[in-house]
Asker: 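Can you read through this structure? Questions will come right after.
Chain naming here is simple, since letters A, B, ... match the order of the sequence lines and numbering starts at 1 in each. Since this is a predicted model, take the numbers as computed values, not measurements.
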Amino acid sequence: MEKQEKKRFKLPFHIVKRLDMPKKQYWIIKGIGFLVAFLLAGILCNILSPGSFGSFYQNMAFGVYNPRDPKEIFDFIETAGLLILVAFALAPAFKMKFWNIGAEGQISIACLVTAGITYFMADGKNDALVIFLCLFASILAGIIWAVIPAIFKAFFNTNETLFTLMMNYVATALISVCIALWITNGSQSFPYLNYGGLPKIFGIKYLFSIIIIVVVVALMIVYLKKTKHGYELSVVGASVNTARYVGINVKKVIIRTMVLSGALSGLVGFLLVAGHHHSLTATLADGRGFTGVLIAWLGQFQPGQMIMYGFLVAFFQRGSTKAASYAAISKTEFSAIVTGMFFLIVIATEFFVSYHFLIEEDSKLKVFVENVKTKYNNFMYGSNEVNVFRENIIKCKNYVKSNSIYMDQNDFDTYLDVLVILKAPSDEEVNKNIINERKKALKEKNLSGDELKEAKAIIKEMELSLKWKNYVNKKTKATKRVLAKIYKKEVARNGGSK
Amino acid sequence: MTWTLFVAFLTRAIKAATVFIFGSTGETITEKSGHLNMGTPGIMCMGALGGILGLRIYFDIIKAAELNGFLVILIPIVFSMIFAALGGLIFAFFTVTLKCNHNVTGLTLTTFGVGLSCYFIGLIKTTRINDAGLAIQSLFDVKWADADFFGNVFLSHSFFTYLAIIIAVLAAIFLSRTKIGLNLRACGENPAAADAAGINVDRYRYIATIIGAAISGLGGMAYELDVLKGYFNAKDGVDAFGWLALSLVIFSMWKPSICIGASFVFGALQQIRFYLPLTSAQQQMFMLLPYVFTIIVLILTSVFNKKNTQPPAALGVTYFREDR
């Protein structure tokens, strides 16, 4: 067994999970990620279309606010709002670790239902009725599409990731089937729906959608943060067994949450058709379901963060589309590349947030010895002694391993320190009084030149050795404590036999 | 359907199945190691880009006057494997080393890969690549009569089709009959136990993901050069094949041996609409069937809950040693 261990390639460092990270540091890491993505997008644009770097960032900003058409800012808010709504639809399911990646399908099927009802019923006189009917039906459709995998997950433990993924394509294919069935005049494309769309408010196209999104998102924040349901989700997510012991009906929670998830996705589908496209194609959802998954996950299911990521992604999508059209490169592909790159970089920052590097113990010892050497220059160790310490440390490690005693990093550090220090020579004679006396004598004697230097050096040496002694004392106490702890644990483990 | 039409249909179905066999065999190897690589559509697109780019380089730099039959097959294979392996390397780096969520990384890689390769495929000219596409259509240079069932169905395909079947068979043997295959499956079923038994889980997962991606990438290349005969453009929709390959893995219950037959079923479902007098709605209906079948298989396997038809137990779970 040990031979195998030795053969393995070992990294010089060690990856350790971080328990908690200060908020400031967290946002610095994330901010660096955003900036890198932003810069790389510009560089990429310059590579694909040389000379476009200069105006790239200005063009990107036009995706948010265009001075020539100030109303476009509502387009931006609507794009972001829809993404945020999808993320909010998915967050409750993700919170209970139900990997619902079927938002795309739930949106698509709701689009299909909305477009179908509007196509067959709307005649310009019954808009209000049609809109309410569409709203109701699309939400119902979204729920049905989400609940089917949920039921199978709850009762048969069917893999929900794969199931919801497949449901997406069933929905998109169904749209193609329905378009082919309904449009019989041979054009094979769905006509523009003149009636049954959401009305404009103050002459602004998407304001109605935006208001609905804001209201629903606000309600969802309350639901996730303030209600018992929201709490139950977190419990199921943390541990199904715990939830069961506490008396939570896990099956009920799974199905209930997916109903909610589907309903919100259905609402997105309704807003897409009735509020935006007023038509139907198989790719109407346009990857929003998948982007929503990414936003929800990166936002850690926290409302504030999900909203922030929604706006950021919308900025990158719309901005890169605008910049690509100014630089005369293919719009949709460039937007996909930039958005993909943004996500990859932000996902990578996630690693630095939740893990950090520790130098492997062996090299850590070297660093430690170096530190000791520089700090207490007067107690230079010969290489021979370092080897002795290393042996001691290995002995200590083996002892800990063979007895499978749990030591956390701090305990182990203390142990290392002491093993090194106990070996160090310590001058029993040195104490504060002697040093003070020497100093006084130095002042009275009025020495000069080399003698003064010599005397000062001696005092310095004594001061250092005093420090060393104190350090050793401190560390010895700490080790005693650690050893006592280990001893106690041993006793507890052996049932008090020792 | 007449006999000749039926033979033609079967031939086309096998050609389409080639793409699926490559895609899902690669993905099966990856998933057996416990990694759910949802970046497969993106990786297949990158493979397609690699194959085309390789041929373009071959024609533009070497300026070969005559098509060398051997190089025309070898170059796309090598290039598409390298490109797709790069995609797999990105996925493995994010999920193994950086321990990111598989679904999130996969979906991002799909967005990124599809965008990137569609962009560059749109820039590459098809001249002479379609000559190469026509040249590689059949490995055995024999003109079979239209009604010759055996000759057409079994012996009229390109090298890629035979390569796909060989790879799938080898993968099946590798996974079920070799020790390394057993170790690989252990990584997918219970990484902690595998680690305790002295298996280097991270290394296995890295290699499985990269090799799996390289094989999947061949699928994209085979689609562009073999099925489309080199007449490619940016909107070919290779990614649709990627999603179908993902569902095929479920449909074949994570077994490359079943995958060969299942790929043929998927290929037949995809091609049958060109050989039957169907309305456009019925044609679209056939596009729907593979997904519905997959869902049915997924449900049945979970309801009957037999041990050897289940997804790998640790599928989609990042393994961090110190979480034990």
Side-chain angles (χ1 to χ4, degrees), chain A residues 1 4-5 8-9 15-17 48 99 101 148-149 152-153 155-159 161-163 165-170 173-182 188 287 290-291 293-294 297-298 329-330 332-344 346-348 350-352 354-355, chain B residues 36 38 42 90 94 97-105 107-120 122-123 198 200 203 234 240 243-244 246-247 249-250 279-285 287-292 294-295 298-299 301-303 305 310-311 315-316 320-323:
Chain A
M1 208 61 209
Q4 251 185 356
E5 286 275 320
R8 271 187 188 174
F9 167 71
I15 298 168
V16 179
K17 221 172 205 166
L48 299 179
W99 287 105
I101 49 172
I148 296 171
F152 282 100
K153 169 76 179 179
F155 290 98
F156 302 112
N157 202 19
T158 311
N159 187 322
T161 317
L162 303 173
F163 201 142
L165 184 69
M166 291 304 116
M167 291 298 273
N168 291 339
Y169 298 99
V170 175
L174 260 185
I175 291 183
S176 305
V177 171
C178 286
I179 291 179
L181 273 180
W182 294 340
Q188 296 206 343
F290 296 131
T291 315
V293 172
L294 303 175
W297 190 79
L298 288 176
I329 45 183
S330 179
T332 39
E333 279 88 17
F334 183 71
S335 166
I337 297 171
V338 169
T339 321
M341 209 162 58
F342 167 74
F343 277 125
L344 279 179
V346 179
I347 291 169
E350 203 63 32
F351 169 78
F352 295 101
S354 42
Y355 296 93
Chain B
L36 179 57
M38 256 190 266
I90 294 175
F94 273 80
T97 305
L98 299 188
K99 300 179 199 327
C100 297
N101 183 299
H102 294 194
N103 301 343
V104 175
T105 315
L107 291 176
T108 311
L109 189 62
T110 294
T111 317
F112 182 70
V114 173
L116 193 75
S117 36
C118 285
Y119 180 82
F120 285 106
L123 294 181
N200 190 341
R203 188 199 284 162
W243 295 118
L244 276 164
L246 269 175
S247 65
V249 176
I250 308 161
T279 63
S280 65
Q282 284 165 331
Q283 285 187 6
Q284 296 296 340
M285 215 77 100
M287 302 295 281
L288 182 77
L289 286 178
Y291 299 112
V292 176
T294 307
I295 288 177
L298 190 64
I299 291 172
T301 51
S302 66
V303 170
N305 201 10
Q310 293 302 304
L315 184 62
F320 182 48
R321 210 176 195 194
E322 272 145 56
D323 268 347

Asker: Calculate, to the nearest 0.5 Å, the distance between atoms CD1 and OG1 belonging to A:Ile148 and A:Thr158 respectively.
Answerer: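 Here the rounded value is 12.0 Å.
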
Asker: The test is side chain to side chain contact (heavy atoms under 4.5 Å, CB included); show your working for A:Ser335 and A:Val338 and say whether it passes.
Answerer: CA-CA 5 Å; A:Ser335 166; A:Val338 169; 6.0 Å; no

Asker: Where does B:Leu315 contact chain A at under 4.5 Å (heavy atoms): side chain, backbone, both or neither?
Answerer: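 Only the side chain of B:Leu315 comes within 4.5 Å of chain A.
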
Asker: Tell me, side chain or backbone of B:Leu98 under 4.5 Å from chain A's heavy atoms, or both, or neither?
Answerer: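 Answer is both: backbone and side chain atoms of B:Leu98 are under 4.5 Å from chain A.
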
Asker: Quick check on B:Thr294 against chain A: is it the side chain, the backbone, both or neither that has a heavy atom closer than 4.5 Å?
Answerer: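 Side chain only.
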
Asker: Shorter than 4.5 Å, heavy atoms on both sides: which option in A:Phe343, A:Phe156, A:Tyr169, A:Trp99 has the most such pairs with chain B?
Answerer: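 Option with the top pair count is A:Tyr169.
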
Asker: Between A:Phe152 and chain B, with a heavy-atom cut-off of 4.5 Å, which part of the residue counts as in contact: side chain, backbone, both or neither?
Answerer: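 The side chain, not the backbone.
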
Asker: Where is the tightest heavy-atom contact between B:Cys100 and A:Ile347, given as atom of each residue plus distance?
Answerer: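 Where B:Cys100 meets A:Ile347 most closely, the heavy atoms are SG-CG2, 3.2 Å.
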
Asker: Counting only heavy atoms closer than 4.5 Å, note whether B:Tyr119 contacts chain A via side chain, backbone, both or neither.
Answerer: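 Both parts, backbone and side chain.
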
Asker: Less than 4.5 Å to any heavy atom of chain A: does that hold for the side chain of B:Thr105, its backbone, both, or neither?
Answerer: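 Both backbone and side chain.
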
Asker: Distance check, rounded to the nearest 0.5 Å: B:Tyr291 atom OH versus A:Met167 atom CE?
Answerer: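 These two atoms lie 13.5 Å from each other.
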
Asker: What residue, out of A:Phe342, A:Phe155, A:Trp182, A:Phe290, has the most heavy-atom pairs lying under 4.5 Å from chain B?
Answerer: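 Option with the greatest count: A:Phe290.
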
Asker: Look up atom OG in B:Ser302 and atom CG in A:Asn157, then write down how far apart they are to the nearest 0.5 Å.
Answerer: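 Between atom OG of B:Ser302 and atom CG of A:Asn157 there are 8.0 Å.
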
Asker: Under a 4.5 Å heavy-atom cutoff, which of B:Val104, B:Thr111, B:Leu246 has the most pairs with chain A?
Answerer: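 Result: the option with the highest number of such pairs is B:Val104.
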
Asker: Is A:Leu165 close to chain B through its backbone or its side chain, or both, or neither, when contacts mean heavy atoms under 4.5 Å?
Answerer: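 The answer is the side chain of A:Leu165.
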
Asker: I need the A:Leu162 CG to B:Met38 CE distance, nearest 0.5 Å.
Answerer: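 Answer for the CG-CE pair, A:Leu162 versus B:Met38, is 7.0 Å.
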
Asker: Which of the residues B:Gln310, B:Gln284, B:Gln282 is involved in the greatest number of heavy-atom pairs with chain A at under 4.5 angstrom?
Answerer: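 The candidate making the most pairs under 4.5 Å is B:Gln284.
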
Asker: Minimum heavy-atom separation for A:Leu298 to A:Glu350, with atom names?
Answerer: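 In terms of heavy atoms, the two residues are closest at CD2-OE1, 4.3 Å.
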
Asker: With a 4.5 angstrom heavy-atom cut-off, could you sort out which part of B:Leu36 is near chain A: side chain, backbone, both or neither?
Answerer: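 Contact with chain A is through the side chain of B:Leu36 alone.
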
Asker: Side chain, backbone, both or neither: which part of A:Leu344 has an atom under 4.5 Å from a heavy atom of chain B?
Answerer: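 Contact with chain B is through both the backbone and side chain of A:Leu344.
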
Asker: Rounded to the nearest 0.5 Å, how far apart are NZ of A:Lys153 and CG of A:Asn159?
Answerer: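 Atom-to-atom, A:Lys153:NZ and A:Asn159:CG are 7.0 Å apart.
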
Asker: Can you tell me which portion of A:Thr161 sits under 4.5 Å from chain B's heavy atoms? Options are side chain, backbone, both or neither.
Answerer: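 Contact with chain B involves the side chain of A:Thr161 alone.
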
Asker: Could you give the distance from CG (B:Leu107) to CG (A:Leu294), rounded to the nearest 0.5 Å?
Answerer: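 Answer rounded to 0.5 Å: 5.5 Å.
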
